Structure formats: C-alpha cells, structure tokens
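Structure first, commentary second.
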Amino acid sequence: MDDRRYRAENRVHWDELAAHHPETDHYDVDGFLDGASTIRSLERTELDVCDRRLLHLQCHFGLDTISWVRDEGAAHATGVDFSPTAIETARELREAVGLSVEQVRFVESDVYDVGDVIDEQFDVVVTTYGTIYWLPDLAPWAAAIADRLAPGGTFYIADGHPLAGMFHHESTAADLRFTYPYFNEEAITEEIDGSYAGWDFGLEQQRSHGFAHGLGEIVTALVEAGLRIEFLHEHPWSFFQRFDAMVEDEPGRWVLPDVPYELPLTFSLKATRN
Ligand SMILES: C[S@@+](CC[C@H](N)C(=O)[O-])C[C@H]1O[C@@H](n2cnc3c(N)ncnc32)[C@H](O)[C@@H]1O
C-alpha cells in the first residue's frame, strides 16, 4: 500500500472517531464550554503564544486551537485537520464560545498539503499529542512546517516518546512487552473499534495505519527542513494511561509504578526557523 492509500484509510477512520470523541469523558466538552482551557501545563510552560499568530496542525475538533486564543493569549489561531467531521464540529464549537473567524479559523487539509490551502506564514506552528504517529514520512511534514513559519518563527511539538510506543499496553515494570517498532520500518496496521478516548463506537472503518518515528528521525527531518532545534526534552510521565498498570501521579501525568529507573514517556521539542 502506498502512503496516499494509508492516509486515505486513516482519514475515514479519523472522520468516524471525530463523530464520537466529542461525547466522551476524555474530551469533556462541557468543561471546555464552561471555560476550562484544554492546554496542558507542559506546553503552557514551554511555548509562548502571547499575541502571536498560530497554526495548529492536526487540530482534531478544535478544543486546543480555540483554547490557545480564548484562554492562552494567542492573537489568532488556524486549526488544520483532514477530517471534515472534525472541522465542522470545531467550527460549531468556535461559534458556541463566541469567537469569530477573525480570531480562530478551521481549514480542512491533509497536513502534507497545507501549503496548497494556506498561503500566509505564522509566528508559531504547533502540533501536540497523537500526531506524527499517523504520518508515513516526516520529510514532507517538516518541509510543510518550515514553509508555513515566518522567519524567526517557532515550531513546537509535544507527544508520546517513541521508546514508550514500543510496548504492549499490558506491560508492567517487571514485564515490558516489546510489541511495536522504534524505527519507521513498516506501517503498524491495526483493527480497533475505538481509540484512547473510548471503545465499542461501532466504527465501520476500524483499520488504521500508524508509523513509528524515532527521536533521531524527528530531529533530522526538522533540521533538514531548515529549522534550528532549541530544545528536546524527555519527560518521565505519559499524558494518557498508555499502560494498564499506570497510575496518575498528578493530574494528567501517568507513570508506571515500580520501575527501577524512570522511562522516557513524553517528549517536547522547540525549534526556530532562521
Ligand atoms: C490523536 S488526534 C490529535 C488529538 C489532539 N491532540 C486532541 O487531543 O484533540 C490526531 C488527529 O490527526 C488528524 N490526522 C491524522 N492524519 C492526518 C493527516 N495526514 N493530515 C491531517 N490531519 C491528520 C486526525 O484527523 C486527528 O484529528
């Protein structure tokens, strides 16, 4: 199967998930509508969006995109996702919270093609939590980011650490079960009726394709696209319950108990366009 076919199937899969996710406790849309920001303390601490124009890639149904403007001080945000259902819901939520299209806009596009539908450049390009796993190749992704960044602009990503992505969800400290690749060797094709946000949705398109990307591949793709890496941080907690045995150490931070040494479970990276 070629890259285009992988992404076409993923798009149908994600479009179905986008119809179910707003109803889940995971997303707590009511809390968001009541004013709770969905931005986590990690990116709030590491990324300054104040008065800056922001491009949010793989925005899903827009909670973070809207939060960056409503709650975190960004001047404007553009959210991009290839799921039409996600984009439609995002636009409805934008209206529900009373923001205008001059403040937040949503554009349906594959992340690889973002330069075809958006020609402006941004102070910040951001993508967080569950994004590059869905992309077969990071070179066109990094090129699209560099292309949309204004000179001196900032790119920021926070996501699951690729090492943590290697283990089965039933792993424990005593039994880390190697299940998935670290390097991008082949597509990880799975049939799952659900996601991190819930199960048994009754999805018609249960098959999806993910891609492992090691830290070296991520950094090199960005450097080759012309970005300068400011930092690459590795964190010993996960932003979701990746393994069944994990416990929530503090709100939104999950750890595996009884490990002799801490595992890298999340990474964050900031880079600048020269
Ligand atoms: C795990 S979700 C991101 C979740 C987001 N951090 C949140 O919590 O709302 C992944 C998103 O990537 C989108 N996506 C996957 N592959 C894509 C692609 N090639 N181009 C654009 N969007 C894509 C999906 O539609 C989905 O909305």
Side-chain angles (χ1 to χ4, degrees), residues 2-29 31-32 36-40 42-44 47 54-68 77-91 93-94 104 106-118 125-145 148 156-160 165 187-188 190 192 194-198 201 203 205 207-211 213 238-242 252 266-268:
D2 68 13
D3 283 7
R4 219 174 279 272
R5 292 271 307 281
Y6 287 132
R7 284 184 284 142
E9 286 205 355
N10 283 347
R11 182 166 178 258
V12 179
H13 179 74
W14 272 105
D15 205 48
E16 284 196 62
L17 286 177
H20 291 280
H21 278 182
E23 308 301 326
T24 60
D25 291 345
H26 177 92
Y27 277 103
D28 187 18
V29 169
F32 165 81
S37 174
T38 58
I39 301 305
R40 295 161 197 261
L42 177 65
E43 56 268 28
R44 183 178 292 124
L47 176 65
L54 197 129
L55 175 64
H56 180 202
L57 298 178
Q58 293 177 248
C59 67
H60 205 27
F61 60 99
L63 298 187
D64 285 2
T65 323
I66 296 168
S67 291
W68 283 119
T78 299
V80 172
D81 202 281
F82 71 177
S83 156
T85 300
I87 292 296
E88 193 184 323
T89 304
R91 288 179 180 147
L93 288 168
R94 191 257 328 279
V104 179
F106 291 100
V107 178
E108 181 189 325
S109 173
D110 193 300
V111 75
Y112 289 160
D113 303 328
V114 68
D116 297 341
V117 290
I118 297 174
V125 176
V126 61
T127 195
T128 54
Y129 306 118
T131 58
I132 54 175
Y133 176 76
W134 300 104
L135 305 180
D137 184 358
L138 294 190
W141 167 79
I145 290 164
R148 288 305 98 220
Y156 180 83
I157 178 170
D159 214 327
I188 302 165
E190 296 188 297
I192 302 174
S195 69
Y196 50 88
F201 290 141
L203 300 181
Q205 175 67 42
R207 186 163 65 164
S208 67
H209 312 279
F211 302 87
H213 300 291
S238 172
F239 55 90
F240 70 109
Q241 191 177 12
R242 180 182 284 278
T266 296
F267 79 95
S268 54

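As the structure lists them, so they are numbered: ligands from 1, and atoms in each ligand from 1. Keep in mind that what you see is a predicted model, and the values were worked out from it rather than measured.
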Legend entry - side-chain contact (heavy atoms from CB on, under 4.5 Å) against D137, all qualifying residues, sequence neighbours excluded: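 For D137 the side-chain contact (heavy atoms from CB on, under 4.5 Å) partners, ignoring immediate neighbours, are D3, Y112, A139, P140.
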Legend entry - Salt-bridge contact E108-R11 (side-chain N to carboxylate O under 4.0 Å):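 Here E108 pairs with R11 in a salt bridge, since their nearest N and O are under 4.0 Å apart.
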Legend entry - First-shell residues of ligand 1 [heavy atom, distance under 4.0 Å]: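 Under the 4.0 Å cut-off, ligand 1 touches R7, W14, Y27, Q58, H60, D81, F82, S83, S109, D110, V111, T128, Y129, G130, W134, L135, Y196.
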Check for me whether the distance between the ring centres of [X] and [Y] falls short of 6.0 Å.
| X | Y | answer |
| --- | --- | --- |
| H21 | Y196 | yes |
| F239 | Y129 | yes |
| F240 | H26 | no |

Legend entry - Side-chain H-bond candidate by donor/acceptor type, T131 with D159, under 3.5 Å: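 Present: a donor and an acceptor within the cut-off.
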